[in-house]
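See structure below.
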Amino acid sequence: MAERAKQPRVNDFVVKFANVNGSGSASANGMFARAIIRMGVPVAARNIFPSNIQGLPTWYEVRITEAGHLGRRGGVDLMVAMNPQTWDRDLAEIETGGVLFYDSTKPMPPTRFRDDITVVGVPLTALCNARYELPRERQLFKNIVYVGALAALLGIETSAVQELISEDFAGRQRLIDANFEALQMGYDYVGQNLKPLALQVRRADKVGDRIYVEGNAAAALGAVYGGATVCAWYPITPSTSLAEAFTGYCQDLRTDPETGQARYAILQAEDEIASIGVVVGAGWNGARAFTATSGPGVSLMTEFIGLSYFAEIPAVIFDVQRGGPSTGMPTRTQQADLIGAAYAGHGDTKHPMLLPADPGECFEMGALAFDLADRLQTTIFVMLDLDIGMNEWLTAPFQWDDARTLDRGKVMTHDELEAGRDFGRYLDVDGDGIPYRTYPGVHPTRGAYFTRGTSRNPYARYSEEGSVYVDNMQRLLRKFETAKAIVPAPVVRKAKRKTTDGVIYFGSTTGAMHEALEALEGQGRHLDALRVRGFPFADEVLEFIAAHARVFVVEQNRDAQLRTLIMNEGGVDPAKLVPVLHYDGTPITARFISGQIAQLMAIGSVIEAAE
C-alpha cells in the first residue's frame, strides 16, 4: 500500500461516505460537511440515496473547496467505506494516491485493498461494542465515532462539530453529552494510534455571509414572498419537501398574530390530477396558487395544464426533475422534463419555463413565477431538479426589495367597467397577445364571462368557426412571443480569447460547467458560454448560436432536450449544435464536461485538418 504523501493537500479534496440506507449516517455525514463550513471553508455536498427506506446503498459526497466550486469535480480522494455491499465499487473509485478509511474490527486480507492508496483502519464496531449495550446505540453512535476519527485525521476542529451537536440537540443535554463522548472516542483513538493524513482542513475565511440551504426550501420561501396563498400537492420524490417547507413558512409568516387564523390554504389532494385542478380553480378566482411535483406528476396533470393554457388561467408548477421515464429512478437527478413541460397538453401548447441554477435563483424565480403567471395568464413551470432541490448548497443570502409590489398583470377594475370600458376576455387590445381579465364578482352586471376549454371568440362566446379559432391560436403565439422579453434573460460568459466555439447549458449543470471552462482554458481550449435561464428563448440565445461556428449543448438527459427545443423554436441547423449528455442519475461533474468537450474539439480539429 502507498506511503502517505508528505506534501499536505489543504482545503481541496473530495470525501465520499459509503453507507447503508437507514443506518442513521445521514445526520452524521451532514454534520461533517457543516463543521467544515463553520471553519470558513466552502463545501459542495451531494446526497446520492436509494428509493427504499432501509437497506440499500447510499453515498454522501463532500467536496472541500476553498476555491468555492459548487459543482462536483469527479473522483474521490478519501473514501469512508462503511458498506460491505459496495466495497469493490467504492475501492475502485478512489484516486491513485488517495485514502481508504474503513472499520477494521474484522481483519481483511491484503487482496481486498489496493497498492496505490493509503489504507486507514479504525475498529469502529469494536469501540462501540465495548461502550454501548443496545444494538441501536451501537449503530447510531458508530457514525459519530467515525466523524471524530475523521476530525483527527483531517484537522477538523472538534469545537465546530460540538457546536453543531449542541444546536441539533438543543434542550436534550443527555443526547448532547452522549454525542460528545462518541465524538471524542473516535478522535482519541486516532490521536493514540494513527497519524494525520496529508489531506487537511484548515480554518479560512472563504464562506463569508453565504447560507447553506436546499433548493426546495428556497423555492418555497420564494413562493411565500411571491404572494402564493394556495398550495395543492400530492407527495412525490423529490418535490415533497418543497410543499412541506411552504407549509412551515406559512405557519410562521402567514398566520394572523392576533387571531391565529391561517391566511393560506394548503391541501394534500388525493392525486396529482386533483392537485392541479385545485390550483387552476384558485388561479381563476384570483389567488396565487401552485403545486410541486416531478415528471410523473406532470404527465398526469397535462389536461388541466392545457386548460390553463387555452382558458388563460394563471398557475405555477414547481417541477423537481428526477430520472425517468415512468417511475424511473425516483431518487436520482436528471434534466429530462424540458420537452414534456414546454409542450404539456394535447394539441398546440407552449408553456414558459424558468431554469434556476442554485437555491438563490430558486428563491428569486420562485417569487417571479407568480408575477409571470399573472402577467401572461398561463401556467409557469419552475424547473428544478433533485440535485438542486434536495441537496444543500452554499449560496448568497436571499435578496428582496420591500418596496416591490405584486404584478397582477392586466386586470380590469370595477371603475373601468362602470365607466363603460369594452371588455372582451380574449380580446387583444394592446397587440401583445395578452387580454384583460376580471376577478369574479368585480361588478354586479359587467365583466362576467363563461370560462371554457372549448373554442370561443374574443368575447368568450362559444364558436366553432375556423377563422375565430385560428385568430385565437395566433394571439396565443403573440403572447408567447411577448414572454421572451419578460422571462429571465440568459447569462453570457466570454472567453479570454476570441473563439468560434461556444457552449450552452442551464440549471444545476452550472457549477460543474464553470469549473470545466477553467480546465479547458488551461488546456488552451477557449469557449464562450451562455446559460439559459428561461423559455421561450430570448433573442440573445439565437444570436449567440449564430455568432459561433460550433456550439456544445450540455445537459443531463439522454435525448438532448434543450438542444431539441432550440432547434424546434429557433430553426437552428442541428449540425451546429453538438450534444454533451450525462444521464446516469448522478449530478454531472466538471471532469465529465471538460473531458467530453476536449474530446469532441480534438475530433473536430482532426476533421478540419483533413479537409
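In this structure, R202 places its CZ atom where only 12 or fewer heavy-atom neighbours from other residues, nucleotides or ligands lie under 6.0 Å away. A 6.0 Å sphere centred on CZ of R493 holds more than 12 heavy atoms belonging to other residues, nucleotides or ligands. Annotation for R136: atom CZ counts as buried by contact number, over 12 foreign heavy atoms lying within 6.0 Å. Heavy-atom contacts from other residues, nucleotides or ligands closer than 6.0 Å to CG of D252 number more than 12. For OH of Y212, the number of neighbouring non-hydrogen atoms (other residues, nucleotides, ligands) closer than 6.0 Å is greater than 12. The neighbour count for Q173 CD, taken as heavy atoms of other residues, nucleotides or ligands under 6.0 Å away, is above 12.
D501 contributes no side-chain N or O that, together with a main-chain N or O of L527, makes up a donor-acceptor pair within less than 3.5 Å. Judged purely by atom type and a 3.5 angstrom limit, Q335 has no side-chain atom pairing as donor or acceptor with the backbone of E555. Panel note: side chain T331, backbone F49; a donor-acceptor pair is recorded below 3.5 Å. A donor-acceptor pair under 3.5 Å links the side-chain atoms of N216 to the main chain of P238, judged by distance alone. Of the possible donor and acceptor atoms, none in the side chain of T65 sits under 3.5 Å from a partner among the backbone N and O of V43. Counting only distance, with no hydrogens or angles, the side chain of R332 and the backbone of L386 share no donor-acceptor pair below 3.5 Å. Under the 3.5 Å distance criterion, the side-chain polar atoms of E61 are left unmatched by any main-chain donor or acceptor of R46. Distance alone, capped at 3.5 Å, places no donor-acceptor pair between the D337 side chain and the A341 backbone. A donor-acceptor contact shorter than 3.5 Å is absent between the side chain of D528 and the backbone of V492. Between the E137 side chain and the Y132 main chain, no donor and acceptor come within less than 3.5 Å of each other.
For D188, the side chain to side chain contact (heavy atoms under 4.5 Å, CB included) partners are Q184, Q192, not counting sequence neighbours. D77 is linked by a salt bridge (charged side-chain N to carboxylate O under 4.0 Å, His left out) to R9, R73, counting only residues two or more places apart in sequence or in another chain. With sequence neighbours left out, A519 forms a side chain to side chain contact (heavy atoms under 4.5 Å, CB included) with S594. With sequence neighbours excluded, the residues satisfying side chain to side chain contact (heavy atoms under 4.5 Å, CB included) with S25 are N19, S23, N29, N143, Y146. Applying the side chain to side chain contact (heavy atoms under 4.5 Å, CB included) rule to P109 yields the partners T111, R112; only residues at least two apart in sequence or on another chain are considered.
For F32 and Y60, the gap between ring centers reaches or exceeds 6.0 Å. For Y102 and F113, the ring centers are positioned less than 6.0 Å apart.
Legend: salt bridge (Lys or Arg N to Asp or Glu O under 4.0 Å) pairs involving residues 28-37, not counting sequence neighbours, sorted by first then second residue: R34-D168.
Using a 4.0 Å cut-off between a side-chain N of Lys or Arg and a carboxylate O of Asp or Glu, R72 and E515 do not qualify as a salt bridge. Look at E157 and R203 and you find a salt bridge, because one of the NZ, NE, NH1 or NH2 atoms lies within 4.0 Å of a carboxylate O, short of that distance. Contact check on R531 versus E361 returns a salt bridge, with a Lys/Arg side-chain nitrogen under 4.0 Å from an Asp/Glu carboxylate oxygen.
Under the side chain to side chain donor-acceptor pair (under 3.5 Å) rule, Q556 has a single partner from T509, D584, D387, T586, which is T509.
For A126 against T105, the heavy-atom pair with the smallest separation is N-OG1, 3.1 Å.
Taking CE from M82 and CG from D90, the interatomic distance works out to 10.0 Å, rounded to the nearest 0.5 Å. For the atom pair I144 CD1 and E181 CD, the distance stands at 12.5 Å (nearest 0.5 Å). A distance of 13.5 Å separates CZ of R525 from CG of L517, quoted to the nearest 0.5 Å.
Geometrically, R210 does not engage W393 in a cation-pi contact defined by less than 6.0 Å to the ring centre and at most 45° from the axis.
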How far apart are the C-alpha atoms of R38 and L164, what are their side-chain angles, what is the distance that settles it, and do they pass the side chain to side chain contact (heavy atoms under 4.5 Å, CB included) test?
-> CA-CA 9 Å; R38 288 288 174 98; L164 292 167; 3.5 Å; yes

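Side-chain atoms of L154 and F13, non-hydrogen and from C-beta on, do get closer than 4.5 Å to each other.
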